[in-house]
Number of protein chains: 2
Amino acid sequence: MKPWLLITLYRLAEVTSRPSEPHTTVNIASRLGFSQQTVSRHLIELENQGMIKREKATRGETVRITEKGMNELNKMYHTLHRVIEGPKTELTLEGEVFSGLGEGAYYVSQPIYMRQFQEKLGFTPFPGTLNVRLSKKHLKDRSLLESIGYIEIEGFKNGARSFGAGRCYRVLINEEVEAFVVAALRSHYGEDVLEILAPVNLRERLNLRDGDTVRIGFVR
Amino acid sequence: MKPWLLITLYRLAEVTSRPSEPHTTVNIASRLGFSQQTVSRHLIELENQGMIKREKATRGETVRITEKGMNELNKMYHTLHRVIEGPKTELTLEGEVFSGLGEGAYYVSQPIYMRQFQEKLGFTPFPGTLNVRLSKKHLKDRSLLESIGYIEIEGFKNGARSFGAGRCYRVLINEEVEAFVVAALRSHYGEDVLEILAPVNLRERLNLRDGDTVRIGFVR
DNA sequence: ATTACTAGTTGCCGAGTAA
DNA sequence: TTTACTCGGCAACTAGTAA
């Protein structure tokens with residue numbers, strides 16, 4: 001989404017939160033400090049992208065922010081929340097560290113994944129994942145992930161092999177180290193295993209050995 | 001502040017919330033989807049405006065958002081909070097309605113004020129103010145207003161007369177009607193009086209008569 | 001390596017105006 | 001009245017490159 005459209009959507013939210021008066025492009029323009037023409041163009045673009053819904057009224061039109069548009073604002077809100085209030089965990093799962101066969105490292109090291117981690121997560125990950133097997137008590141809570149925000153990592157094909165898409169959940173390990181849970185959409189592990197990606201070697205940083213328990217706090 | 005700079009500041013907040021790695025313009029650029037040159041320019045502009053502070057590191061540089069920059073983000077955050085969670089009152093004052101001599105209406109009706117109300121508050125106010133005298137119990141709380149956000153209305157000169165600047169606080173009257181408390185910087189009333197501006201006639205809308213008590217909830 | 005200047009291009013903004 | 005198209009101008013972007 002183009003930056004200035006995001007700003008317009010954000011400022012539009014202020015304006016249209018009072019739906020008592022119908023809006024005109026002139027009206028909105030004067031509040032946003034734009035020309036009528038620019039507002040018209042922005043409204044058209046926002047509507048094309050499904051962010052707002054407009055309906056003609058006798059004078060002017062009503063502007064409603066759609067669910068898709070609200071999602072966009074929600075994202076902004078939660079990002080700001082995290083920045084301003086500090087990361088807060090919403091859901092904590094617990095499990096045991098175990099050693100894999102290095103597949104995690106193999107997948108993570110694929111340059112196309114690496115570039116995405118760098119761009120979308122903001123760091124170059126340590127080339128390997130920490131495997132955690134969820135305790136029975138916490139396993140049933142895995143479904144709660146459905147309601148938690150994630151960052152999408154795209155799949156790709158490299159010659160004959162295809163590498164799947166995945167989701168990265170922002171987490172805090174043992175209330176201390178920022179990391180991401182990487183959930184492949186088709187995992188080579190079962191539902192009870194989470195793979196954790198971090199900018200540092202988590203085993204060293206937290207002094208972990210196989211069988212140790214770690215707490216995985218999911219951040220909004 | 002220019003819209004695209006605000007977006008850059010906002011997105012920078014995401015990036016720099018992890019100050020473990022020093023940042024490079026190339027790095028930030030790839031995350032924001034800009035070129036290295038554009039990021040360089042934005043960082044320069046943001047620093048000139050006092051929004052961020054940069055320091056050279058061995059490779060790249062550290063970027064810290066200053067208090068002024070955080071204020072900007074805070075504003076965004078609270079606006080989104082209001083839009084998403086709905087208006088929440090932070091402080092409620094109580095007082096009695098009384099009749100003025102119509103000075104409120106005279107001031108409010110000045111076209112230059114009116115245009116500002118329209119643009120900054122988002123509605124054309126009913127041409128008159130509701131006067132409320134705070135009860136003794138609540139009078140001491142008036143100073144709490146210092147910490148609450150407001151919208152600035154500029155003063156102006158109209159020939160010989162000069163009309164002062166003022167502040168508009170977003171309020172909810174009797175938990176029901178959205179309105180603004182207009183606090184002139186030099187008021188013709190004492191500290192115990194608040195003047196309330198709304199898009200509707202509050203006396204009619206809330207069926208108020210002199211001597212009735214109203215609750216004024218200040219919104220974040 | 002890094003940041004940032006210069007030059008040229010892209011594309012957003014707004015005046016005029018049609019619908 | 002209102003919204004939205006055309007088009008000229010200029011602001012912001014990126015490529016190249018210096019420091």
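Each chain gets a letter, A, B and so on, in the order the sequences are listed, and its residues count up from 1. Computed from heavy atoms alone, side chains included, the values below leave out hydrogens, waters and symmetry copies.
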Atom-pair distance (CD on A/E55; C1' on D/dT3), nearest Å: 16 Å

Under 4.0 angstrom between B/R41 side-chain N/O and D/dC13 OP1 or OP2: yes

Residue whose nearest DNA chain C nucleotide is more 5′ - A/W4 or A/Q37: A/W4

Pair B/R205 + B/E176, salt bridge at N-O below 4.0 Å: yes

Among D/dA4, D/dT14, C/dC5, the one nearest A/I44 by side-chain distance: D/dA4

Salt-bridge present (B/R41, B/E45; N to O < 4.0 Å): yes

Phosphate OP1/OP2 of D/dT3: any A/T25 side-chain N/O under 4.0 Å: yes

Any B/R54 side-chain nitrogen or oxygen under 4.0 Å from OP1 or OP2 of C/dA4: yes

Candidate nucleotides C/dG14, D/dT3, C/dT2, ranked by approach to the side chain of A/F34 - the nearest: C/dG14

A/K53 bridged to A/E47 by N-O distance under 4.0 Å: no

Nearest-Å distance for atom pair CD1/P, residues B/I28 and C/dT2: 12 Å

Closest to the B/R59 side chain, choosing from C/dT2, C/dT3, D/dT3: C/dT2

Sugar-phosphate only, base, or nothing, as touched by B/S40 at under 4.0 Å among non-hydrogen atoms: base

Nearest-neighbour nucleotide for the B/S35 side chain, C/dT2, D/dT14, C/dC12 considered: D/dT14

Between D/dT2 (P) and A/Q36 (CD): distance, integer Å: 10 Å

Atom pair distance, as rounded to whole Å: NE2 in A/H42 and C1' in C/dG11: 12 Å

